[in-house]
Each structure stands twice: as structure tokens, then as C-alpha cells.
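Because the structure is a prediction, the values reported are computed rather than measured. Letters A, B, ... mirror the listed sequences (proteins, then strands); counts begin at 1. Because only heavy atoms are used, hydrogens play no part in the values below, and waters and symmetry mates are left out as well, while side chains stay in.
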Amino acid sequence: MSAPSPRVRFAPSPTGYLHVGGARTALFNWLFARHTGGTFILRIEDTDFERSSEEMVDGILEGMRWIGLDWDEGPFFQSQRLPLYQAAAQKLIDSGHAYPCFCTKEELEASRAESTAAMYDRRCRNLDPAESKQRRLDGQAAAIRFAVPDGSTSWNDAVFGKVEFANAELEDFVLLRSDGIPTYHLSVVVDDIDMRLTHIIRGADHISNTPKQILQYRALGVELPTFAHVPLILGPDKTRLSKRHGATSVIAYKDMGIVPEAFRNFLALLGWSPGTANKDREIFTSEDLTRLFTLDGISKSDAVFDNDKLAWFNTEYIRAYDSAKLLPLIEAEWRGAGFIPNRAPGEILAAIDLIKPRARSLKDFGDLFRAYFSDDFEYDPAAVTKFLADASLPALLQELGTRYAAAPDFTETSAEELLRAFAAEKGVKAGALINGSRVALTGQAVAPSLFAVMALLGKERVIQRLSTVDKVPQAG
RNA sequence: GGCGCCAUGGUGUAACUGGUUAACACGCCGCCCUCUCAAGGCGGAGAGUUCGGGUUCGAUCCCCGAUGGCGCUACCA
């Protein structure tokens with residue numbers, strides 16, 4: 001019999017938006033599934049009704065779609081599978097692996113306070129089964145606890161190797177709350193079994209939970225899946241990534257003008273490496289990633305989220321993107337910013353091609369580069385100060401404008417020839433005119449080669465913007 | 001506190017089962033190019049692998065301890 005096709009899952013809890021760590025976990029599962037030809041399942045762990053919301057579910061799905069992760073099965077909702085967990089709990093009770101606990105919150109506190117290990121003292125574990133049954137029949141609420149056996153529990157983690165816990169460290173944890181709702185410990189195991197998962201790829205914060213789950217697999221007589229724990233992502237100060245460090249939701253990066261493939265590429269390399277053969281590369285397409293991804297490339301130590309590196313990936317992707325592919329992303333950015341371009345589609349694509357090598361974010365197309373898409377743009381005061389401060393410049397540039405108006409043709413080459421001849425004639429440096437013109441035409445000190453910009457904008461606009469250069473507000 | 005995990009320049013990673021001038025990328029600095037800024041080209045600083053022991057002819061790599069960080073320790077997930 002050959003090994004079954006891998007089945008993996010991403011199982012977020014909709015108590016918040018898809019955050020960076022969750023996205024990376026989802027990505028690794030997805031890459032693993034795609035690499036092995038396996039199945040990627042999406043499961044929503046919404047058993048905490050208080051904190052879960054439909055809005056968060058939508059947010060998570062949106063985040064996954066944004067980074068390009070599609071799932072083969074689901075989304076399944078645990079809230080709709082309650083009978084499954086209850087049946088499993090009953091099975092565990094029947095087989096002597098679990099028992100009802102009638103302790104109140106106060107009793108539990110007292111129990112933990114008395115115990116040296118600060119754990120529940122299992123006082124309900126040895127209740128007479130008949131008595132327990134009667135008390136439940138009488139309507140007394142009971143939580144179902146797992147009866148942790150003696151000994152120790154270990155497994156061979158695909159990332160961390162052998163991990164072992166003494167069972168004495170484990171409390172008789174709750175499987176089913178007294179209201180019949182399962183806890184995480186029960187529902188994950190039941191679902192992971194029911195969905196026939198072969199590999200559990202999840203955050204390393206679950207390492208300590210794993211023995212509790214393994215104990216249930218054994219009690220249920222089910223073979224263990226392969227566990228692969230993935231190191232966590234930390235903030236720049238090496239503490240757990242949180243709002244304190246800035247954006248933590250994946251969609252926030254979309255809103256910051258990050259291109260999805262850049263984000264995915266960046267994320268993939270956080271805690272994973274394609275190995276020696278590819279160590280000189282960092283840019284990987286989705287296809288590269290799925291081809292190269294294996295569990296043994298996952299590292300054991302936590303990784304720090306580096307915004308500078310993300311920004312670098314972003315510029316690389318924006319530059320490499322075809323303008324036609326970039327356009328929808330830019331249009332979304334424009335819509336968000338309330339900006340309406342005033343150009344023909346062909347001109348827009350040409351402008352994107354010209355300026356994309358200089359963009360660091362999709363946002364740049366909506367602010368820094370407005371002058372390429374509209375006649376309604378601002379002049380950057382710093383640029384004016386830097387290149388347009390000379391009092392003699394406006395008049396010169398206006399005169400240059402009239403020369404362009406009188407010129408028979410207007411191409412990148414002819415525009416440059418004319419300007420340089422004009423500079424020589426006036427005894428000024430061509431550079432001064434070029435830089436001044438750049439600010440007059442684009443509002444920015446940073447732009448592509450001036451004459452390429454002129455050719456793009458067209459003769460009329462160049463003349464227009466040069467003629468009104470004296471109206472440009474001087475800074476400060 | 002208890003238990004578990006981790007530890008290579010500022011950051012992400014590499015270094016086959018112990019033998020390398022400890023490599024690559026981001027970031028940083030400088031030079032070239034140049035009409036600005038990026039890009040690109042060239043060069044540079046920055047770790048002797050957290051610290052201390054041990055094993056070994058020889059440890060980033062194996063063992064022990066310490067330290068630090070993180071995680072878990074709920075009728076949250």
C-alpha cells in the first residue's frame with residue numbers, strides 16, 4: 001500500500017484578522033500541499049462564540065485570497081460540527097479515558113491553590129460512575145475532563161525532532177465544557193482525525209499542547225499524524241509580534257501598498273530556506289516556492305519580521321511586474337485614495353512602465369507619481385527648495401517652454417538637444433535646467449530621466465507646466 | 001514559579017554524517033555611472049558562531065551547565 005496523499009489544514013480562530021504569523025502558517029501548509037499534490041483544507045475554529053465573529057471569518061478569507069492561497073476543502077466551521085465532538089467525548093468516557101467533573105470555579109481555584117503543581121487535583125476522577133451518571137441525570141452541570149495517564153508522551157516532530165513531556169506535567173484538561181461546547185483540545189483532535197489529516201503544520205506555540213492531543217489519539221486508537229511545528233515570528237525587539245510593532249494584520253500590508261507576491265515571497269523565507277542549491281537567490285515565484293518547499297527546510301529558531309526586507313521585495317516585484325498586471329493593483333490603490341486619473345489607458349500603461357522602477361510601494365502611484373496621471377498634482381516643497389529656488393530659474397524655464405512651443409518636432413532626443421542648446425546659449429548649466437524642469441513637470445525631485453518624462457507627458461503638457469512654473473509655490 | 005523549545009553579523013538564512021579565509025540576501029558606508037532619485041557595476045565595515053566547561057588531533061556542528069528569548073501552564077484558541 002502506498003502512502004496516502006498528504007492532507008493538511010489551516011485552522012484559524014476567527015477572533016481577529018488574519019495576522020502575519022497565521023498567514024505564514026497557512027502559506028507553509030499550502031506550499032506543502034501544492035508541492036506534494038496533497039489537499040489543503042480550511043477549517044474555522046469558532047468554538048469560542050464570545051470572541052468569534054463572522055466579520056473576522058470574512059477578514060481571514062480575504063487575507064488568504066490576497067496572498068493567493070486557495071483551499072481544496074472547506075471552509076468547515078466547528079460551530080456546525082458540535083455533535084461530532086460530543087460523541088467523541090462520550091466515547092472517551094465510555095472507554096474510561098475521560099470523566100465528568102462537577103467542580104465549580106471556586107472548587108477548582110481551591111484545588112489548584114492546594115496542589116503543589118498548581119494543577120487541578122483530579123478530585124472528580126474517582127467518582128463512582130453510577131453516582132456521576134445520576135448527578136448528571138439530576139441536571140447537574142459537568143465538564144468532561146481527560147484522564148491523563150502516568151508515564152510520558154513523546155513524538156518525533158518533523159521540525160524539532162524528538163520532543164518529550166512527562167504526563168505528570170499535564171492537567172486533566174477539559175474536553176467538553178459544562179455547556180456541551182468542546183474546548184480546542186478536543187475539537188482539533190476530533191477534526192484532524194475526521195478530516196484524515198496526515199500532517200499537522202502549525203505554530204510552535206502549540207508544542208506544549210501536542211502531548212494532550214497525542215494522548216487523545218492513543219485513547220481513540222488512532223494513528224498519529226506527522227507533527228511539524230513552525231517557529232514563531234517576532235517583532236524587531238524580539239518579542240512576540242503584536243500591534244505594538246505596527247501592522248500585524250495581513251490586510252494592513254495590502255493597504256500599505258505591498259504587492260501580494262512580494263509579501264508571500266517574504267513570508268516564505270521567514271523560517272524556511274530552500275537550501276544550499278538556491279542560497280544565492282531570494283526572489284522566488286509561486287511556482288518556484290511550491291517546487292522547492294519541503295518540511296526539512298524549516299528552521300527551529302524564531303524569526304524577526306524585517307520591514308526593510310519586505311520593502312525590498314516589494315520594489316523588486318513592482319519593477320518586475322508587467323504594467324498590465326500592475327494596473328489593477330494600482331487602480332485599487334487609486335480608488336482607495338479617491339484619485340481619478342485623467343489619461344487614456346495606453347498613456348497610463350506607458351507611464352507605469354516609465355516610473356515603476358522607482359516605486360517602493362503601490363501607494364507611490366497615488367501620491368508621488370500623480371503628475372503622470374493627472375494635471376492635478378502637488379509640488380513637493382522639498383523638491384522646490386532643492387531645484388527651483390534660484391530666482392532666475394522660473395523665467396528661464398518659461399522661455400524654454402516657448403522654445404519647445406516653437407520647435408518643429410518634439411521627441412525625447414529633440415527635447416534634449418533643444419534644452420542643451422538653450423543652456424549653452426544662456427550660459428547656464430544644463431543640469432540646472434533639467435532639475436528645475438523636472439520639478440516643474442512632475443512636482444518631485446525624484447523622477448525618471450527628464451526627457452523620457454517629457455516624451456511621455458507630450459508637448460502640450462510640457463509647455464503648459466513650464467509656462468506656469470512661476471506660479472509654483474516657493475517653500476517656507 | 002513549573003515544564004518545553006530555541007540561540008550563526010543589526011535582520012533573514014547557509015555552512016553534506018565535526019576539518020570552510022564562516023557564505024548569500026536585506027540594511028549600512030564609499031566609489032563609478034549621471035539630469036534627480038532609484039536601479040546597475042565595483043569595493044567596504046559588520047559574526048569567529050550567547051557564555052563557560054567537556055569529548056576530540058580538530059567543534060557553528062556532539063555532551064553538560066549557565067544566561068537570554070520565546071511558548072505552554074483556562075470550562076481561550
By the rule that syn is within 90° of 0, classify the base conformation of B:G48 as syn or anti. syn
With A:I318 as reference, evaluate A:I258, A:I355, A:L326, A:D364 under the side chain to side chain contact (heavy atoms under 4.5 Å, CB included) test and give the passing residue. A:L326
Nucleotide B:C72, atom C1' - distance to CZ of A:R240 in whole Å: 10 Å
Within a 6.0 Å radius of atom CD on A:E54, are there more than 12 heavy atoms belonging to other residues, nucleotides or ligands? no
Taking the same atom, C1', in B:C42 and in B:G48, what whole-Å distance lies between them? 27 Å
Nearest to the side chain of A:L234, heavy atoms from C-beta on, is which of B:C70, B:C26, B:A14? B:C70
Residues in side-chain hydrogen bond (donor to acceptor under 3.5 Å, both in side chains) with A:W155, at least two apart? A:D157
B:C5 to B:G46 separation - P atoms, rounded to the nearest Å: 37 Å
How far does the C1' atom of B:C51 sit from the matching atom of B:G4, given to the nearest Å? 22 Å
Nucleic acid footprint by protein, nucleotides 31-45 of chain B - heavy-atom cut-off 4.0 Å, B for base, S for sugar-phosphate alone: ----BBBBS------
For A:F10 and A:F40, run ring pair (Phe, Tyr, Trp, His ring centres under 6.0 Å): C-alpha distance rounded to whole Å, both residues' side-chain angles, the deciding distance at 0.1 Å, then the answer. CA-CA 8 Å; A:F10 175 52; A:F40 179 53; 7.2 Å; no
Note on RNA chain B: ranges paired as stems (three or more Watson-Crick/G-U pairs in a row, both atom distances under 3.5 Å) are B:1-7 with B:67-73, B:10-13 with B:23-26, B:28-32 with B:40-44, B:50-54 with B:62-66
Could you measure between the two P atoms, the one in B:G68 and the one in B:C32, and give it in whole Å? 49 Å
Relative to the ring of A:Y372, is the ring of A:F369 parallel (under 30°), tilted (30 to 60°) or perpendicular (over 60°)? perpendicular
Look at all strands and tell whether A:H229 reaches a base, only sugar-phosphate, or nothing, counting heavy atoms closer than 4.0 Å. nothing
With sugar-phosphate meaning primed atoms plus P, OP1 and OP2, does A:D205 contact a base, only sugar-phosphate, or nothing at under 4.0 Å between heavy atoms? sugar-phosphate
Output the rounded distance in Å from OH (A:Y120) to C1' (B:C72). 21 Å
The criterion is ring-ring contact (aromatic ring centres under 6.0 Å, His included); which residues satisfy it with A:F173, sequence neighbours excluded? A:F146, A:H185
Mind checking side chain to side chain contact (heavy atoms under 4.5 Å, CB included) for A:A424 and listing every partner two or more places apart, or none if nothing turns up? none
For A:E378, does the CD atom sit with more than 12 other heavy atoms under 6.0 Å from it, leaving out its own atoms? no
First encountered from the 5' end of RNA chain B, between A:P12 and A:P274: A:P274
In terms of relative ring orientation, are A:F263 and A:F266 parallel, tilted or perpendicular, with 30° and 60° separating the classes? tilted
A:D179 atom CG, neighbour heavy-atom count above 12 within 6.0 Å: yes
Under 4.0 angstrom, heavy atoms only, what part of the nucleic acid is A:G275 near: base, sugar-phosphate, or nothing? nothing
Please report the distance, rounded to the nearest Å, between CD in A:E282 and P in B:A14. 11 Å
What is the separation between atom CD1 on A:I200 and atom C1' on B:A77, rounded to the nearest whole Å? 15 Å
B:G27 P sits how many Å from A:N314 CG, rounded? 13 Å
In whole angstrom, give me the gap between the C1' atoms of B:C62 and B:G18. 8 Å
Please write out each protein N/O paired with an N/O of nucleotides 74-76 of chain B under 3.5 Å, distance rounded to 0.1 Å.
{"residue": "B:C75", "atom": "OP2", "partner": "A:R112", "partner atom": "NH2", "Å": "3.0"}
{"residue": "B:C75", "atom": "OP2", "partner": "A:R145", "partner atom": "NH2", "Å": "3.3"}
{"residue": "B:C75", "atom": "O2", "partner": "A:S178", "partner atom": "N", "Å": "2.7"}
{"residue": "B:C75", "atom": "O2", "partner": "A:S178", "partner atom": "OG", "Å": "3.0"}
{"residue": "B:C75", "atom": "N3", "partner": "A:S178", "partner atom": "OG", "Å": "3.0"}
{"residue": "B:C75", "atom": "N4", "partner": "A:C103", "partner atom": "O", "Å": "2.9"}
{"residue": "B:C76", "atom": "OP1", "partner": "A:R177", "partner atom": "NH1", "Å": "3.4"}
{"residue": "B:C76", "atom": "OP2", "partner": "A:R177", "partner atom": "NE", "Å": "2.9"}
{"residue": "B:C76", "atom": "OP2", "partner": "A:R177", "partner atom": "NH1", "Å": "3.0"}
{"residue": "B:C76", "atom": "O2'", "partner": "A:D48", "partner atom": "OD2", "Å": "2.4"}
{"residue": "B:C76", "atom": "O2'", "partner": "A:R51", "partner atom": "NH2", "Å": "3.2"}
{"residue": "B:C76", "atom": "O2", "partner": "A:R51", "partner atom": "NH2", "Å": "3.0"}

Reckon A:T239 touches a base, only the sugar-phosphate, or nothing at all at heavy-atom distances under 4.0 Å? sugar-phosphate
Any pair counted as salt bridge (Lys or Arg N to Asp or Glu O under 4.0 Å), so long as it reaches residues 99-119 of chain A, sequence neighbours left out: A:R112-A:E171
Anything under 3.5 Å between a protein N or O and an N or O of nucleotides 2-11 of chain B, put it in a table, one pair a line.
{"residue": "B:G2", "atom": "O2'", "partner": "A:E169", "partner atom": "OE1", "Å": "3.3"}
{"residue": "B:C3", "atom": "O4'", "partner": "A:E169", "partner atom": "OE1", "Å": "3.3"}
{"residue": "B:U11", "atom": "OP1", "partner": "A:K238", "partner atom": "NZ", "Å": "2.8"}

CD of A:Q213 versus P of B:C72: gap in Å, rounded? 13 Å
Contact class for A:S299 (heavy atom, under 4.0 Å): base, sugar-phosphate, or nothing? sugar-phosphate
Spacing between A:D237 atom CG and B:G68 atom C1', to the nearest angstrom: 14 Å
Could you tell me how far B:A22 sits from B:G9 if I compare only their C1' atoms? Round to whole Å. 11 Å
Quiz: residues 15-22 of chain A side-chain donor-acceptor pairs under 3.5 angstrom, not counting sequence neighbours:
{"residue": "A:Y17", "atom": "OH", "partner": "A:E55", "partner atom": "OE2", "Å": "3.1"}
{"residue": "A:H19", "atom": "ND1", "partner": "A:G21", "partner atom": "N", "Å": "3.4"}
{"residue": "A:H19", "atom": "ND1", "partner": "A:G22", "partner atom": "N", "Å": "3.3"}

Whole angstrom is fine here: how far is it from CG in A:L241 over to P in B:G12? 13 Å
Less than 3.5 Å apart, which donor and acceptor atoms pair up between the side chains of residues 294-306 of chain A and the rest of the protein, not counting sequence neighbours?
{"residue": "A:T294", "atom": "OG1", "partner": "A:D296", "partner atom": "OD1", "Å": "3.0"}
{"residue": "A:D302", "atom": "OD1", "partner": "A:L232", "partner atom": "N", "Å": "2.9"}
{"residue": "A:D306", "atom": "OD1", "partner": "A:D308", "partner atom": "N", "Å": "3.1"}

Quick test of your reading: applying salt bridge (Lys or Arg N to Asp or Glu O under 4.0 Å), list the pairs with at least one residue in residues 79-93 of chain A, sequence neighbours left out, ordered by first then second residue. A:R81-A:D191, A:R81-A:D194
Evaluate the criterion ring pair (Phe, Tyr, Trp, His ring centres under 6.0 Å) for residue pair A:H206 and A:Y184; output intermediate values, then yes/no. CA-CA 11 Å; A:H206 286 293; A:Y184 161 75; 5.4 Å; yes
C1' atom, B:G12 versus B:A7: distance in rounded Å? 15 Å
Under the side chain to side chain contact (heavy atoms under 4.5 Å, CB included) test, which residues partner A:S414, sequence neighbours left out? A:D409, A:T411
Could you measure between the two C1' atoms, the one in B:G19 and the one in B:G52, and give it in whole Å? 24 Å
